[in-house]
Amino acid sequence: MPIERNARVFVAGHRGLVGSAITRKLRAEGFNNILTASRQELDLRNQSEVLSWFQANQPDYVFLVAGTVGGILANSTRPAEFIYDNLMIHGTVVEAARQANCTKLLYLGSSCIYPREADQPISEDALLAGPLEPTNEWYAIAKIAGIKLCQAYRRQYGCDFISAMPTNLYGPGDNFDLESSHVLPALIRKFHDSLEAEDPEVTIWGTGTPMREFLHVDDLADACLFLMEHYGGEEHINVGTGEDLPIRELAELVRSIVNPAAHLVFDESKPDGTPRKVLDVSRLSALGWSPTHSLDDGIRSTYAWFLDQLDSDSELRGISDALPS
Ligand code: GFB
């Protein structure tokens with residue numbers, strides 16, 4: 001069902017990569033009652049603050065896309081923040097949405113919460129069917145709890161709360177901090193820095209053999225609105241391209257766009273993480289949605305965004321901004 005364009009729509013985490021893309025998408029689609037809350041106004045980990053905010057603002061729809069996120073290193077070195085912040089944020093917002101009788105809520109999982117050895121491509125039923133990838137098990141436990149929260153609230157209270165499971169994301173608004181970022185923004189930054197420094201050597205973490213799938217965040221935002229309008233089931237839905245490539249090939253692609261003169265050095269002391277996690281996107285395709293951004297174009301436009309940020313002298317985001325703000 002199409003959502004009325006004057007509905008009150010809360011984007012929890014609107015400053016993050018996903019939240020900013022959803023806000024852009026909603027504006028472009030003519031939504032005129034988009035609600036956001038800065039970190040100063042609202043600590044999403046605090047249940048009483050979140051309940052009061054929902055009572056005061058009465059959102060009809062909620063995109064719950066706030067959380068503490070980061071790449072493989074941040075996940076392994078900051079486990080307490082990754083599990084605590086996410087467990088709390090998911091719990092407070094879901095409960096507040098129930099108490100405020102919100103019409104619908106969409107929650108986002110992540111492909112990294114499937115079992116490490118899941119059959120490829122990974123279908124929705126693989127969730128909880130095996131042990132997790134150790135580098136991000138803390139984050140995964142919190143995200144799995146978020147999906148289960150939505151299912152439990154649907155079963156017990158009849159709330160129309162749904163979940164989507166995106167693959168690795170990238171795009172404008174990403175975190176380019178080399179310690180905490182995901183691989184794609186890290187590679188853009190590394191190749192750019194090598195160009196600036198006229199130092200051709202670019203270090204890639206791990207062996208370069210792990211396979212990853214990448215979805216442009218504007219495609220994800222489109223899919224989230226599509227699911228909000230057209231899906232109302234208990235099962236989470238995978239969102240991806242269904243295609244992956246080895247990290248070495250990704251690095252070569254970024255090199256060809258940013259600094260073709262660079263050469264790659266692999267630092268095998270850094271973790272590879274899960275060997276492969278490509279999503280089976282047949283359920284979403286059957287519902288009638290597919291992505292439109294190619295990886296090549298997406299990297300080019302993300303690099304252009306990165307250069308704009310450097311030009312405008314604004315600070316590129318670090319992990320702290322991944323928290324709702
Ligand atoms: O994107 P990434 O950090 O996350 O790493 P994951 C993907 C792969 O790229 C790993 C390699 O094999 C990394 O070793 N890689 C190569 C690099 N060079 C770099 C680099 O400079 N920076 C980074 N970050 N990686 C995360 C999870 O797993 O995926 C999170 O830890 C989250 O929980 C996210 O869910 C989507 O795909 O391995």
Side-chain angles (χ1 to χ4, degrees), residues 16-18 65 67-79 81-83 85-87 108-116 118 120 122 127 132-147 164-171 174-194 201-217 220 236 238-241 244-255 258 262 264-279 295 299 302 318-319 322:
L17 171 67
V18 175
V65 297
T68 290
V69 299
I72 193 164
L73 194 65
N75 265 269
S76 350
T77 52
R78 301 170 53 202
E81 284 167 73
F82 276 76
I83 193 165
D85 289 350
N86 289 309
L87 276 176
L108 278 193
S110 167
S111 62
C112 67
I113 75 180
Y114 281 120
R116 177 185 159 86
Q120 309 287 321
I122 308 175
L127 193 65
L132 299 168
E133 155 61 34
T135 51
N136 67 214
E137 65 179 323
W138 321 97
Y139 178 72
I141 293 284
K143 295 301 272 185
I144 292 169
I147 289 178
M165 193 78 106
T167 190
N168 286 34
L169 302 167
Y170 72 98
D174 213 337
N175 167 19
F176 288 82
D177 171 76
L178 291 181
E179 288 296 302
S180 58
S181 65
H182 291 101
V183 61
L184 209 153
L187 292 179
I188 289 178
R189 169 152 239 155
K190 285 178 176 179
F191 283 107
H192 176 78
D193 289 351
S194 82
E201 208 164 273
V202 169
T203 303
I204 314 297
W205 294 354
T207 60
T209 57
M211 305 283 289
R212 291 292 184 274
E213 174 188 11
F214 296 95
L215 181 71
H216 193 282
V217 72
L220 175 72
H236 59 274
N238 286 344
V239 186
T241 64
D244 60 354
L245 78 174
I247 293 299
R248 174 190 285 275
E249 274 179 33
L250 176 74
E252 288 166 354
L253 182 56
V254 178
R255 172 174 66 180
V258 179
L264 315 180
V265 176
F266 290 88
D267 174 2
E268 297 193 11
S269 71
K270 291 286 194 306
D272 268 344
T274 198
R276 194 175 183 204
K277 50 175 174 176
V278 65
L279 291 179
L295 185 56
I299 294 173
T302 304
I319 192 164

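When a ligand or atom number is given, it counts from 1 through the structure's own listing order. Only heavy atoms go into these numbers, but all of them, side chains included; no hydrogens, no water, no symmetry mates.
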Among non-hydrogen protein atoms, atom 30 (C) of ligand 1 lies closest to Asn75 ND2, 3.3 Å
So, the side chain of Gln120 versus the backbone of Ala118: is there a donor-acceptor pair under 3.5 Å, distance only?
yes
* Say whether Asn175 and Ser180, considering side chains only, have a donor N or O and an acceptor N or O under 3.5 Å apart. => yes
Is the side chain of Asn75 donor-acceptor paired with the backbone N or O of Gly70 at a distance under 3.5 Å, no angle test?
yes
If you scan protein heavy atoms around atom 8 (C) of ligand 1, the nearest is Ile247 CD1, 3.7 Å
re atom 3 (O) of ligand 1, the protein heavy-atom contact at minimum distance is Ile72 N, 2.8 Å
Under 4.0 Å from one or more heavy atoms of Lys277, ligand 1 contributes atoms 6 (P), 28 (O), 29 (O), 37 (O)
- Without swapping roles, check the side chain of Glu133 against the backbone of Thr274 for a donor-acceptor pair under 3.5 Å. yes
for atom 27 (C) of ligand 1, nearest protein heavy atom and its distance come out as Asn136 OD1, 3.3 Å
### Task
Kindly indicate whether the side chain of Leu250, heavy atoms from C-beta on, has any atom under 4.5 Å from the side chain of Arg212.
no
query = Below 4.0 Å from any atom of ligand 1, is there a heavy atom belonging to Lys190?
reply = yes
If we number the atoms of ligand 1 from 1 as shown, the ones under 4.0 Å from a heavy atom of Ala186 are 20 (C), 21 (O), 22 (N)
>> Given 3.5 Å as the limit, does a donor-acceptor pair link the side chain of Asn238 with the main chain of Ile122, or not?
In response: yes
Checking heavy atoms under 4.0 Å, the part of Val183 that sits near ligand 1 is both
Under 4.0 Å from one or more heavy atoms of Asp272, ligand 1 contributes atoms 10 (C), 12 (O)
task: Apply side chain to side chain donor-acceptor pair (under 3.5 Å) to Thr207 and Asp272, showing your working.
output: CA-CA 7 Å; Thr207 60; Asp272 268 344; 2.8 Å; yes
Would you say that Leu245 contacts Leu295 through its side chain, given a criterion of any heavy-atom pair below 4.5 Å between the two side chains?
yes
Hey, is Lys270 one of the residues with a heavy atom under 4.0 angstrom from ligand 1? no
Candidates Arg248, Arg212, Glu179; heavy atom nearest atom 6 (P) of ligand 1 found on Arg212
A student checking ligand 1 against Asn168 at a 4.0 Å heavy-atom cut-off should list atoms 36 (C), 37 (O)
Near Pro210 (heavy-atom distance under 4.0 Å), the atoms of ligand 1 are 12 (O)
For Pro271, the ligand 1 atoms with a heavy-atom partner under 4.0 Å come out as 13 (C), 14 (O)
query: Which class fits the ring pair His216 and Tyr170: parallel under 30°, tilted 30 to 60°, perpendicular over 60°?
result: perpendicular
Atoms of ligand 1 under 4.0 Å from any heavy atom of Ser181, numbered from 1 in the order shown, are 24 (N)
Margin query: Checking the side chain of Glu213 only, and the main-chain atoms of Thr241 only, is there a donor and an acceptor separated by less than 3.5 Å?
Written below: yes
Of Phe266, Tyr139, Trp205, Phe214, the residue with the heavy atom nearest atom 33 (O) of ligand 1 is Tyr139
the protein heavy atom lying closest to atom 34 (C) of ligand 1 turns out to be His182 NE2, 3.1 Å
Atoms of ligand 1 under 4.0 Å from any heavy atom of Cys112, numbered from 1 in the order shown, are 30 (C), 32 (C), 33 (O), 35 (O)
Distance col, row Phe214:CZ vs Leu169:CG, nearest 0.5 angstrom, shows 10.0 Å
inquiry  = Test your reading of the model: is there a side-chain donor-acceptor pair from Lys143 to the backbone of Leu108, 3.5 Å cut-off?
reply    = yes
| query | Taking the non-hydrogen atoms of Gly208, is any one of them nearer than 4.0 angstrom to ligand 1? | reply | no
